[in-house]
Every structure is written in C-alpha cells, then in structure tokens.
Amino acid sequence: MAAKTILIVYAHPEPASFNAALRDRAHEALEGAGHRVVVSDLYAEGFNPLAGRHDFTSVANPAIFHYQTEQAHAARHGTFAPDIAREQKRVADADLILFQFPLWWGGPPAIIKGWGERVLAYGFGYADGLRYDTGVFRGRRAMVSMTSGGTTARFGAGNAYGDLQSQVLWQLQHLGLEYMGYELEEPFVAYGAPRTDHAGRLEYLSQLETRVLAAAAKPVDRSLTITNPLDLVPDGAWKQQR
C-alpha cells in the first residue's frame, strides 16, 4: 500500500474533549500505518473564520469588495494571506482530508464553514465549469468524523435532526467537498457521545481507527487534479459588472 498524506481538519476548543481523543486515535493509527499526517487544529491555531479584505495581501479593486474577484486575483498572483496560503498548501498536499468536529446546532461548528469559505477559494478549490464530476480535486478522498449528543433515533427522514447525508451534512459534503470533486467516504458518527460510558468510547475509537485505515488504503489519482484551475477560465470572469 502506497503511503498517503492525510490532512485532519479539527474543530473543537477543548484539548481534553472526546473529539480530541478521536483525532489523536486517527492520527496515531495513520502514522503507524506509514502515512504522513498533518493536523489543522483550527481553535488552537487561532484560525479566523471571517472572510474579508484581510484575506489578501493585495487587491484587484480597492473601491468595491467582491469576494470571488479578489480570490481570483490572489490565486493568479499568489497574494492570499499567510494563514490561507498555509491551509491551501495543506489541502493541496493531502490525498485524504478527514474532518473531525462535534455536531452543534444541527451542523458543523461555524469555524469549519469559515475555513471552507476562506481556504477553498475561487481559483483554488473551484472555478467556472469545474464542479462535481469536473471538480478541481477529482481523484482524492474526504471523510467526516463527528460526535453528536443525539442518539441514532434522532437522525433519519422525519426524525428530529433529519437525515444525516441529505440534511445534516449536505452543505459540507455535497455543496462543498463533492462540489470540488472529492470522493466521499461514509461519515463516521459517535452517537450520544456525552452519555457514552468508557467502554463505549473505546469502541468508538476502535471503529474510527478501522474506518480511517480503510479510507487511507483506497487508491487516489492525483493526475485528475487540476493544479491551475484559472488557466481554464478567462481573466475577469468574476469581474464586477457595472
């Protein structure tokens, strides 16, 4: 089995949380199998989830802020802010991305969405005509691992929290990762985590280890990745029209 590079995008503010234990178990298992693991610990690294002009070290239009125009300019000229450039390098290097987070208010923590908005930028993660089957990161894989206070009975069509795939994770998985061409693994969920006893938590840790090792063992095809997506897009495609 060829060694892979795995990026763990981790979002929890408490170092002693069960999410941290899941992150660490995945990290240790993957490294033990010979893979290279990089962790983006969003809270510990102080990642700013708010988009704005601070995302760029130069601007395309100082008079009016249009996000895609500025992202395209930064992608063409290498002028993303250092924190974005760092995260984009981690994404570009990764064969598999693993997201680890708790379910809060029916979805991932806000810092995950902010990470996506700033890092998976136009000109880097997507561009005109480069979506889904033609997405920039075709040939690579992604997986969600999450904890929930709710039990399995809370999830499913017509239940309190809705269907996991088509409602709870739809924005992150379908409108984000699949949009950019990633092939998704089935999500891993530690249900009822706050009320799970020690033995149950050990079982969840073991299950996650099995899942991430299986995901990392699957083939990737980096030849499908579009390394310079804006080469396929006319300059000014997102220029603000007047």
Side-chain angles (χ1 to χ4, degrees), residues 4-11 38-43 45-57 60 65-101 107-146 168-185 187 215 220-222 224-233 237-238:
K4 308 289 199 319
T5 297
I6 291 90
L7 171 63
I8 301 176
V9 180
Y10 170 70
V38 177
V39 178
S40 287
D41 188 336
L42 302 186
Y43 282 97
E45 292 178 346
F47 184 81
N48 180 4
L50 301 180
R53 284 205 179 273
H54 55 266
D55 287 3
F56 315 104
T57 60
F65 180 66
H66 182 253
Y67 203 32
Q68 281 88 351
T69 296
E70 297 299 340
Q71 288 180 327
H73 177 81
R76 290 187 188 279
H77 301 286
T79 54
F80 282 107
D83 61 336
I84 296 177
R86 178 196 67 214
E87 295 300 304
Q88 288 178 341
K89 173 67 164 55
R90 292 172 174 177
V91 170
D93 287 347
D95 300 298
L96 167 69
I97 300 181
L98 173 67
F99 290 85
Q100 180 65 60
F101 56 80
I111 200 169
I112 290 284
K113 187 171 189 296
W115 180 89
E117 289 174 358
R118 298 184 68 221
V119 174
L120 306 176
Y122 179 81
F124 171 75
Y126 72 100
D128 301 70
L130 304 178
R131 306 177 182 94
Y132 297 108
D133 290 345
T134 59
V136 168
F137 289 104
R138 282 180 303 154
R140 308 199 196 189
R141 312 188 75 84
M143 176 179 168
V144 165
S145 171
M146 66 178 226
V168 178
L169 295 175
W170 182 257
Q171 184 180 66
L172 173 60
Q173 292 196 144
H174 183 68
L175 300 179
L177 297 168
E178 287 184 316
Y179 187 92
M180 293 182 298
Y182 284 99
E183 186 171 346
L184 295 184
E185 297 293 310
V220 298
D221 187 352
R222 283 179 164 268
L224 298 176
T225 299
I226 300 170
T227 54
N228 295 295
L230 289 183
D231 288 350
L232 305 177
V233 179
W238 274 93

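These figures come from a predicted structure and were not determined experimentally.
The pair R90-E45 meets the salt-bridge criterion, with a side-chain N (NZ, NE, NH1 or NH2) lying under 4.0 Å from an Asp/Glu carboxylate O. Under the 4.0 Å criterion applied to side-chain N and carboxylate O atoms, R222 and D95 are assigned as salt-bridge partners.
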For V38 and I6, run side chain to side chain contact (heavy atoms under 4.5 Å, CB included): C-alpha distance rounded to whole Å, both residues' side-chain angles, the deciding distance at 0.1 Å, then the answer.
-> CA-CA 6 Å; V38 177; I6 291 90; over 6 Å; no

Apply side chain to side chain contact (heavy atoms under 4.5 Å, CB included) to Y182 and R141, showing your working.
-> CA-CA 5 Å; Y182 284 99; R141 312 188 75 84; 5.7 Å; no

Chi angles and distances behind the side chain to side chain contact (heavy atoms under 4.5 Å, CB included) call for F47, V119 | CA-CA 11 Å; F47 184 81; V119 174; 4.0 Å; yes

Hey, mind stepping through V91 and L7 against side chain to side chain contact (heavy atoms under 4.5 Å, CB included) and telling me if it holds?
-> CA-CA 7 Å; V91 170; L7 171 63; 3.9 Å; yes

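Of all heavy-atom pairs spanning A127 and L230, the tightest one is CB-CD2, 4.3 Å. Between D128 and R131, the shortest heavy-atom contact is CA-NH2, 3.9 Å. A pairwise comparison of heavy atoms in M180 and G125 identifies CG-O, 3.1 Å as the closest pair. Of all non-hydrogen atoms in P108 and L172, the two that sit nearest each other are CG-CD2, 4.1 Å. For the residue pair V136 and P229, the shortest heavy atom distance occurs at CG2-CB, 4.0 Å. Nearest heavy-atom pair, M146 versus L169, reported as atom, atom and distance to 0.1 Å: SD-CD2, 4.1 Å.
Considering CG of L98 and CG of L96, their distance stands at 6.5 Å, rounded to 0.5 Å. The NE2 atom of H73 sits 15.5 Å away from atom CD of Q68, with the distance rounded to the nearest 0.5 Å. Atom-to-atom distance recorded for H66:NE2 and Y122:OH is 10.0 Å, nearest 0.5 angstrom. Rounded to the nearest 0.5 angstrom, L42 CG and Y10 OH are separated by 10.0 Å. The CG atom of L120 lies 7.5 Å from the CG atom of L177; values are rounded to the nearest 0.5 Å. Between N228 atom CG and R76 atom CZ the span is 10.0 Å, to the nearest 0.5 Å.
Side-chain rings of F99 and F101 stay apart, their centers remaining 6.0 Å or farther from each other.
Using modelled atom types, one finds a donor on one side chain and an acceptor on the other under 3.5 Å when comparing E87 with S40. A donor-acceptor contact closer than 3.5 angstrom links the side chains of T225 and R140.
The side-chain heavy atoms of R53 and F65, taken from C-beta on, include a pair separated by under 4.5 Å.
Here R118 pairs with D55, D83 under the salt bridge (Lys or Arg N to Asp or Glu O under 4.0 Å) rule; sequence neighbours left out.
In this structure, T79 contributes its side chain and T57 its backbone to no donor-acceptor pair below 3.5 Å. Put simply, the side chain of Q100 never gets that close to the backbone of V144: no donor and acceptor are under 3.5 Å apart. Remark: side-chain polar atoms of T134 are paired, donor with acceptor, to backbone N or O of G129 under 3.5 angstrom.
A ring-ring contact (aromatic ring centres under 6.0 Å, His included) with Y126 is found for one member of F137, Y132, Y179 and no other, namely Y179.
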